Amino acid sequence: MKIFVVNAGSSSLKYQLIDMENEQVLAKGLCERIGVSGAISHKAADGRTYSADTAMPTHSEAFEAVVYALTKSEAKVIDSFDEISAIGHRIVQGGSIFPESCLITPDVLSKIEELGALAPLHNPAHVLAIRACIKTFGEEIPQIAVFDTSFHQTMPAKAYMYPIPYEYYEKYGVRRYGAHGTSHRFVSDRVAVLEGKDKRQIKIITCHLGNGCSITAIKDGVCVDTSMGFTPLDGFMMGTRSGTVDPSALTYIAEKENLSPADVNRICNKESGMLGISGVSNDNRDIAAAAEAGNKRAQLAVDMQRYEILKFVGSYIAAMNGVDAIAFTGGIGENDPGLRKTVCESLEFVGVKLDEEKNQLRGQEVKISTEDSRVNVYVIPTNEELAIARDTLAIISK
Ligand code: AMP
């Protein structure tokens with residue numbers, strides 16, 4: 001059985017075709033500049049590639065280009081789209097409405113659209129993509145929504161409420177929703193397997209560290225707290241996002257520089273974080289190289305991010321009254337031994353002991369703590385597409 005996984009943005013579309021018999025990716029690709037011009041780059045599992053500049057005024061043309069790439073191009077992997085059993089969509093915001101993945105019905109689609117108020121950059125694009133799929137592939141093929149927020153819906157109110165007047169929660173749904181939930185769920189499930197224990201019996205902290213970063217506390221098998229909030233801007237510093245900042249600092253800057261709310265949003269989302277502090281780049285590798293070469297601001301960015309990660313991990317250990325396993329994932333979490341070392345060294349007080357040699361490994365699943373470490377520490381490459389495909393399969397199999 002083959003599942004088509006879609007991660008749609010307003011002008012881009014990432015996809016994977018996964019064979020669920022063996023959970024292998026048959027092909028993956030990316031459509032870019034949708035609505036402007038249009039280009040597709042596609043790669044089959046055996047290394048064959050196909051790329052083309054194709055007019056993509058809407059997502060429908062992008063999906064038509066994907067169908068061509070999958071079924072007719074020099075990198076085709078199937079004969080017809082009829083071989084595909086279902087489509088799984090990554091949906092960024094499910095609000096309080098969607099505690100789990102579900103079949104997309106007209107009612108579900110209109111709720112995803114309404115939730116666009118909470119995720120204006122993402123949900124409207126998802127809706128466009130779902131409608132385009134109906135147009136391109138017909139009404140019969142099941143489409144499944146897998147929400148980034150669902151895993152965090154188990155948080156208690158004391159963790160998800162912001163201490164601002166209650167009416168804003170009631171009127172506008174302002175609260176912590178979290179993000180990266182599909183990744184945190186995938187990684188924590190894997191931790192339980194590696195620990196050989198029922199997930200409900202262990203306390204886990206998952207650190208998803210990439211361009212976007214979030215940390216989640218998982219107790220009794222469910223998320224009890226997470227660092228991202230109302231939007232994926234909350235938490236700690238990321239590639240270009242600030243994470244939490246004293247709101248008065250922002251209103252002060254806005255007054256001084258005569259900035260609108262949209263300006264402040266842009267600055268905090270696109271010009272802050274590692275980029276804002278280092279002035280070098282948002283990319284961890286560039287910043288590490290600059291720090292190595294003696295750039296003090298790059299070093300400060302590195303130190304600040306590691307310190308903030310440590311504080312979140314520490315606070316979640318306290319929130320759960322302990323921790324059994326910590327996992328690192330995401331481009332940085334999977335590939336930066338220096339960051340993992342700095343964080344783990346300051347967790348010696350809870351019994352973390354790092355295996356220096358294993359910690360040098362990059363991009364692969366490995367336990368990086370020693371055998372006598374009281375807390376097991378893992379690197380677990382995340383696979384959100386596979387998690388989406390698994391949910392999709394589970395729902396259509398019901
Ligand atoms: P993601 O958003 O998960 O794709 O992660 C992107 C981040 O991971 C970027 O900041 C990259 O610099 C970082 N990253 C990717 N590969 C490496 C690597 N080999 N060493 C250090 N950082 C890396």
Side-chain angles (χ1 to χ4, degrees), residues 5 7-9 12-16 25 28-30 32 41 43 90 92 121-122 148 151 178-188 190 206-216 226-228 231-243 269-293 295 297-306 308-309 312 327-344 356 358-366 368 378-388:
V5 176
N7 180 356
S12 71
L13 184 97
K14 284 191 217 146
Y15 63 89
Q16 285 193 7
V25 177
K28 58 166 92 170
L30 169 69
E32 292 177 285
S41 50
K43 191 169 183 189
R90 174 195 179 213
V92 163
L121 298 180
H122 294 101
D148 274 8
F151 185 58
H180 290 148
T182 310
S183 173
H184 289 291
R185 176 161 57 100
F186 179 88
V187 171
S188 55
R190 192 68 201 138
T206 47
C207 306
H208 180 115
L209 310 174
N211 233 326
C213 298
S214 63
I215 298 182
T216 293
T226 193
S227 61
M228 281 180 168
T231 71
L233 179 59
D234 202 359
F236 53 97
M237 69 191 289
M238 318 179 203
T240 59
R241 284 173 250 170
S242 61
N269 272 292
K270 305 233 182 264
E271 298 167 20
S272 299
M274 304 294 281
L275 172 67
I277 292 296
S278 71
V280 171
S281 167
N282 65 314
D283 192 290
N284 183 48
R285 286 163 289 197
D286 300 340
I287 297 164
E292 187 77 15
N295 184 316
R297 275 175 51 186
Q299 186 60 53
L300 175 62
V302 169
D303 294 343
M304 283 172 70
Q305 193 188 42
R306 293 178 183 184
E308 288 202 272
I309 291 167
F312 262 101
F328 290 95
T329 194
I332 299 173
E334 292 165 29
N335 291 294
D336 191 339
L339 178 143
R340 299 191 299 241
K341 183 170 191 273
T342 308
V343 173
C344 287
E356 300 269 354
K358 291 212 180 112
N359 184 44
Q360 292 310 311
L361 297 171
R362 293 165 187 257
Q364 57 175 281
E365 186 175 284
V366 58
I368 57 169
Y378 297 95
V379 174
I380 298 182
T382 194
N383 193 337
E384 287 159 289
E385 292 78 11
L386 180 56
I388 292 170

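Please read these numbers as outputs of a predicted model, since none were measured by experiment. Atoms within a ligand are numbered from 1 in the order they appear, just like the ligands themselves. Note: hydrogens, waters and symmetry copies are ignored here, and every other heavy atom, side chains too, is used. Position 1 is the first residue of the sequence; numbering continues from there.
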- Of the non-hydrogen atoms in V280 and A298, which two are nearest, and what is the gap between them? CG2-CB, 4.5 Å

- Query: Does the side chain of M274 come within less than 4.5 Å of M238's, by heavy atoms?
  - Reply: no

- What heavy-atom pair brings M237 and E308 nearest, and what distance separates the two atoms? N-OE1, 3.2 Å

- Task: Mind jotting down which protein residues get a heavy-atom contact under 4.0 Å with ligand 1? Chain and number order, please.
- Result: G210, N211, D283, N284, R285, G330, G331, I332, N335, R362

- Value for CG (N359) from SG (C344), rounded to nearest 0.5 Å, stands at 7.0 Å

- Item | Minimum-distance pair of heavy atoms, taken over all atoms of N282 and I287 | C-CD1, 4.1 Å

- Query: How about F236 and F312: are their ring centres within less than 6.0 Å of each other?
  - Reply: yes

